[in-house]
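On a predicted model such as this, the values are computed, not experimentally measured, just so you know. Naming convention: chains lettered A, B, ... in sequence-line order (proteins, then strands); numbering from 1 in each chain.
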2 protein chains.
Amino acid sequence: MNTDIQKPPKKSFKIQMLAAREMAIIQSVNRFLAEKGFDAMTVDEVAAEVGIAKASLYKHFTSKEELACAAMVAAMRKAQDFIQSLPAGQAPIDKLKAVTRWTMTLKLQGLMPSLPSQNSSLRATLMANKDYMDGLMEVSDALGGWIEEAQAQGQINKGLPAVAVLYTLFARACDPVLEFLKMGEQHTDEQILDLVMSTCFDGLSAR
Amino acid sequence: MNTDIQKPPKKSFKIQMLAAREMAIIQSVNRFLAEKGFDAMTVDEVAAEVGIAKASLYKHFTSKEELACAAMVAAMRKAQDFIQSLPAGQAPIDKLKAVTRWTMTLKLQGLMPSLPSQNSSLRATLMANKDYMDGLMEVSDALGGWIEEAQAQGQINKGLPAVAVLYTLFARACDPVLEFLKMGEQHTDEQILDLVMSTCFDGLSAR
DNA sequence: GTCTATAGAATGATAGAC
DNA sequence: GTCTATCATTCTATAGAC
């Protein structure tokens, strides 16, 4: 008689715990990266916030860089999910606007992890991470396709190289204008989003 | 007989040396801040690059933060000089464009010091620095005035609060799109400037 | 001889790694 | 919890200017 069939999966509980803890870690790292950046974030405070020992952290992630990397991979996956959630029938320009606004919403809420574009060791770690690179590629391909469609339809300036448009949209994820306007306390988050969406797509000049 | 009249200024040589050295220090710090940022910059490498002892550095500037501060003050002064060098007859919109392009040129050349917007101790040091704050105020006032004039003349979108326009222009000084396009090696610096100027003032949407 | 600048070592604190 | 590396900052002793 094969008892395996009736046996409840023995490891499942422990694995679930580990997975849950890993999610908690990543969420914590995500917030710290958004709030203070990679350099200012310390492994100690992450461990403290999650409520585990530093040593346990290093069981999951072997370095501070991998920690940040995991958060970036998770963020990228969320972007992929959002992109796939968009209705297929929507016009490409509207999809682009939706993704851009979603990105900026995260940033305004302090949930957009940002890496110092200068830290080379971190960038190297990211570039070596297949999950991250695959996600980045998928997101870039989706947006790139929409950009070209929108240009063909005359809704995005055809004089701009698609890659320049892509970078400009990506850059909204770390646009300091959002924080500055928020600090000024003169506008609601929605108004700030509208303003930056307007400057991004319509420019500063009068139309 | 009063010999003071004929005496050449005795201290002048030494003072000139000190001033020259201070300039060299600030220039070096400026480059490091542009290249690797405040956190990654070490006092040792600054001293090494200038070719003086660390102790001598601390004779001029009593802390790493003051060092960065001095570089920011110098950068701000350069901005003030540029602003004042613009011909009075120029249209406000053209002045705004000139300043924006000049700023981005510096950034492209790796000469635009940028501070992590997150580092609070550094920000506090800067906010406490009268020279810096005065410079910032003067620059903001000049640009703010031109923005309102340009809006009155119908050249800048009147629907945008002047402060939003101001922040959007300031943000060009640390726009990552510049670096990304430069890394791509598909465009000359001039083309990159034209592209970002276009997305900034005319937006991504077709006109 | 006195004063200053320098080089290099010493100190102390922080924070990553295990 | 411990070990260790990195750095900002300070100290000390030497060399040189005046």
Roughly how many Å is it from [atom1] in [X] to [atom2] in [N], rounded to a whole number?
X: B:Lys59; N: C:dT4; atom1: NZ; atom2: C1'; answer: 8 Å
X: A:Leu57; N: C:dA15; atom1: CG; atom2: P; answer: 16 Å
X: B:Ile52; N: C:dT4; atom1: CD1; atom2: P; answer: 17 Å
X: B:Ile25; N: C:dT6; atom1: CD1; atom2: C1'; answer: 14 Å
X: A:His60; N: C:dA17; atom1: NE2; atom2: C1'; answer: 16 Å
X: B:Met41; N: D:dA8; atom1: CE; atom2: P; answer: 8 Å
X: A:Asp39; N: D:dA8; atom1: CG; atom2: P; answer: 12 Å
X: A:Phe61; N: C:dA17; atom1: CZ; atom2: P; answer: 14 Å

At 4.0 Å (heavy atoms only), tell me whether A:Ser63 reaches a base, stays on the sugar-phosphate, or touches nothing.
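Answer is sugar-phosphate: A:Ser63 comes under 4.0 Å of backbone atoms only.
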What nucleotide, of D:dG1, D:dC11, C:dA10, holds the atom closest to the side chain of B:Lys54?
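Of the options given, the side chain of B:Lys54 lies nearest C:dA10.
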Classify the side chain of B:Lys64 and the base of D:dT9 as holding, or not holding, a donor-acceptor pair under 3.5 Å.
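Result: no qualifying N/O pair found.
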Would one find a side-chain N or O of A:Tyr58 under 4.0 angstrom from OP1 or OP2 of C:dA17?
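Answer is yes, contact under 4.0 Å.
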Counting only side-chain N and O atoms of A:Thr42, is one of them less than 4.0 Å from OP1 or OP2 of C:dA15?
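For A:Thr42, the contact criterion (side-chain N or O under 4.0 Å from OP1 or OP2 of C:dA15) is not met.
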Using heavy-atom distances to pick each residue's nearest nucleotide on DNA chain C, tell me which of A:Asp44 and B:Gly51 is more 5'.
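Taking each residue's closest nucleotide, the earlier one in sequence belongs to B:Gly51.
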Inspect the contact between A:Asp175 and A:Arg172 and indicate whether a charged nitrogen and a carboxylate oxygen are less than 4.0 angstrom apart.
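So A:Arg172 pairs with A:Asp175 through a salt bridge.
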Lys/Arg N to Asp/Glu carboxylate O, A:Glu45 vs A:Lys36, below 4.0 Å:
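Salt bridge flag = yes for A:Lys36 with A:Glu45.
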Rounded to the nearest 0.5 Å, how far apart are CG of A:Leu67 and OG1 of A:Thr125?
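If we round to the nearest 0.5 Å, A:Leu67:CG and A:Thr125:OG1 are 11.5 Å apart.
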Could you label the plane-to-plane angle of the A:Tyr167 and B:Phe180 rings as parallel, tilted or perpendicular, counting under 30° as parallel and over 60° as perpendicular?
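Ring orientation of A:Tyr167 relative to B:Phe180: tilted.
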Step-by-step salt bridge (Lys or Arg N to Asp or Glu O under 4.0 Å) determination, A:Glu149 to A:Lys95:
CA-CA 11 Å; A:Glu149 287 180 55; A:Lys95 289 185 189 166; over 6 Å; no
